[in-house]
Undergrad: 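The structure under discussion is supplied below as structure tokens; questions concerning it will follow.
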Amino acid sequence: MHRLIERTTLVLSFGLLALAGPAHADDHVYTSDLMTRWGKQVTPENVWQSYPRPQFKRPDWKNLNGLWHYAIAKASASQPPRMDGEILVPFPVESKLSRVARKVLPDDRVWYRRSFTVPANWAGQHVMLNFGAVDYEAIVWVNGAPVGAHKGGSDAFGFDITAALKPGENEVVVQVADPTSAGSQPRGKQSLDPHGIWYTASSGIWQTVWLEPVPALHIADVRATPDIDRGTLDVAVALSGWANDTDAVRITASSKGKVIASTLIRANRRATLAIPNAHLWSPDDPFLYDLTAELVSVKDPYAGIADRDHAAYDARFTKREDETYAAAQPTGAVRDKVETYFGMRKVSVGPGTIAGQPMILLNNKPLFNNGTLDQGWWPDGLLTPPSEEAMKSDLVFLKSAGFNMVRKHIKVEPARYYYDADHLGMLIWQDMPSGGGEDQFITGTSQAQAVMSSDMMAENQSELTRMVGELRPFPSIVLWAVNNEGWGQYDSATLAQYVKGMDPTRLVDADSGWSDVAPNVSDVFDIHTYEDVPHTPTRQSVRAIVIGEYGGIGMAIPGHVWRPSKDNWGYQSAKDSADYLARYRRKLGEVVRQARENGLSASVYTQTTDVEDEINGLLTYDRAVPKAPAADLAKIAAPLWETKDKR
């Protein structure tokens, strides 16, 4: 969500920020008095207790969330000998729930420290130290030894810390640098000068930290790709390192405890499982199958062949490898096991209800995607929801209000969010977090894209790759949005084609709003329209047409605004709840008309909640008050799924 007037404000704010520098004596961040009901219940003992990687689950792990020691020092300084106090992980430094609420400037370094012990029953295994996300650049030490570094604010990472461990108590230290809006890295709407559509920065550790035991060679990735037309599931399993001929993986698909299909494959290979009479996943019926991958040992298929007997070796080697391993019997115990799940579903673009206008199809049938723009910001936790329950509550409300899709707007959520969407039946359009400097925003009429340095492009592409790779297992995600409204937009056709190559099973929106410069690659033609009556996208011959943003009805609810003393804003203003509902009915009614007459495939209403100075949410920022009853919103949306076929 970005308009010319806001871009002008952005340019001015960057200039003022550069002149002002870090000379502020008070480094306190404005946090408001607004709190969610979940935030009020957070304690060091109950903070984010669920397993953080539900699509890749192991039974043993140790949560390191809770109180850590922290300090903020300048980049030129070494590790502080004394810490400034305690911080509640995994909440960002600037947030109220972190108990710190301090600014982090580009030349600052945030230091974290805590002790831990490794459970005795993990003896003999390797120990991984995992981070759900750290914004932005982290260096990690264990017992004074460097164990790894990571750059990227939205993806999970981990290090094998076994060699650095000692008996008894151990110490982990993390140093974090975050330039926020003074840098060019992907960061979404975070700003050192929050105002308007720009929100308070979220620096440091902002997702769960945990320990996990694994064998030296372990399962590193499981990629399950459904094909409902063939009734199959393609499964690829990658291990953490070099595998021998005796290393194999047993893959088992099941439903409600009943095995559907199972096979053995050689390590670092792929297999195809038959899923007969597949129960398809959809928003109305979010059916999921269980999937396990087990690392096992098998008898060496090449054993007993003399080193120089090339003919015998070649004869055995050229036999189909998948048949050789499928017929093998595991020897010994299971060495590693990962539990995951999958949904049998297909998303594509094809013939719809209007002749000549392709539409978005789910499971080969047109399904209108009715969604909201969802920023994923919280008044007490900023980027970090106050709890798992709080995060899920947004999805539950949207389902009850007649939405079947969320556009996750230039933010990547904790993995649990997508797990909830999978189980609730909510389609997700996932944005890549935007980056670039203030002079790398392009206008809607520009025929040229932004120019990035090679380093900037490499970092953006690396984070794009990790986002797609990490979120690919979640069936709820049906579309990747590569660029939004020219924010750091460069070479979008190449990037969109790259994403398609990584994941050909989902749609790609190369440019959401403004500069449609990749029509031959993008699966959708996406316009943003904040007029009182939404504009209609131009019909397309091979692409679906969508409204990627519209709405923006503002209404302040006294006692539930972020900054009561400041002018709040929305794209339009409603004077009371009746006016609010009437405006919403008019806007969504136009969307229904476009769907029936023009073959519109999707619309994204701005937005799920108020966010800081914005008051155009369906819910207040603290999620305490809906601005219209969910049942009324659902009733207005119902005709979207009653469109008539006009082919």
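We number each residue from 1, following the sequence as shown.
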Undergrad: Could you give the distance from CD1 (Ile547) to OG (Ser603), rounded to the nearest 0.5 Å?
TA: 6.0 Å

Undergrad: Could you check whether Asp523 pairs with Arg543 (Lys NZ or Arg NE/NH1/NH2 to Asp/Glu carboxylate O, under 4.0 Å)?
TA: no

Undergrad: Roughly how far, to the nearest 0.5 Å, is CG of Asp374 from CH2 of Trp429?
TA: 14.0 Å

Undergrad: Report yes if the distance between the aromatic ring centroids of His150 and Tyr136 is under 6.0 Å, otherwise no.
TA: no

Undergrad: Which heavy-atom pair separates Tyr490 from Leu495 by the least distance, and what is that distance?
TA: O-CD1, 3.7 Å

Undergrad: With distance as the sole test, does Asp234 use its side chain to make a donor-acceptor pair with the main-chain N or O of Pro226 at under 3.5 Å?
TA: no

Undergrad: Asn63 side chain to Trp210 main-chain N or O, any donor-acceptor pair under 3.5 Å?
TA: no

Undergrad: Can you name the closest pair of heavy atoms from Ala544 and Ser601 and give their distance?
TA: CB-OG, 3.7 Å

Undergrad: What are the two closest non-hydrogen atoms of Val176 and Asp135, and how far apart are they?
TA: CG1-O, 3.4 Å

Undergrad: Are Glu294 and Arg250 close enough for a salt bridge, meaning some N to O gap below 4.0 Å?
TA: yes

Undergrad: Cation-pi check, Arg53 to Trp61: give yes when NZ or CZ is under 6.0 Å from the six-membered ring centre and within 45° of the ring axis, no otherwise.
TA: no

Undergrad: Does Asp431 come within less than 4.0 Å of Lys411, counting only side-chain N to carboxylate O?
TA: no

Undergrad: Check for me whether Lys408 meets the cation-pi criterion with Tyr417, that is, NZ or CZ under 6.0 Å from the six-membered ring centre and within 45 degrees of the ring axis.
TA: yes

Undergrad: I need the Arg506 CZ to Leu471 CG distance, nearest 0.5 Å.
TA: 8.5 Å

Undergrad: Does the pair Lys346/Asp229 count as a salt bridge with the N-to-O cut at 4.0 Å?
TA: yes

Undergrad: Taking atom types as modelled, find out whether Gln375 and Gln607 have a side-chain donor-acceptor pair closer than 3.5 angstrom.
TA: yes

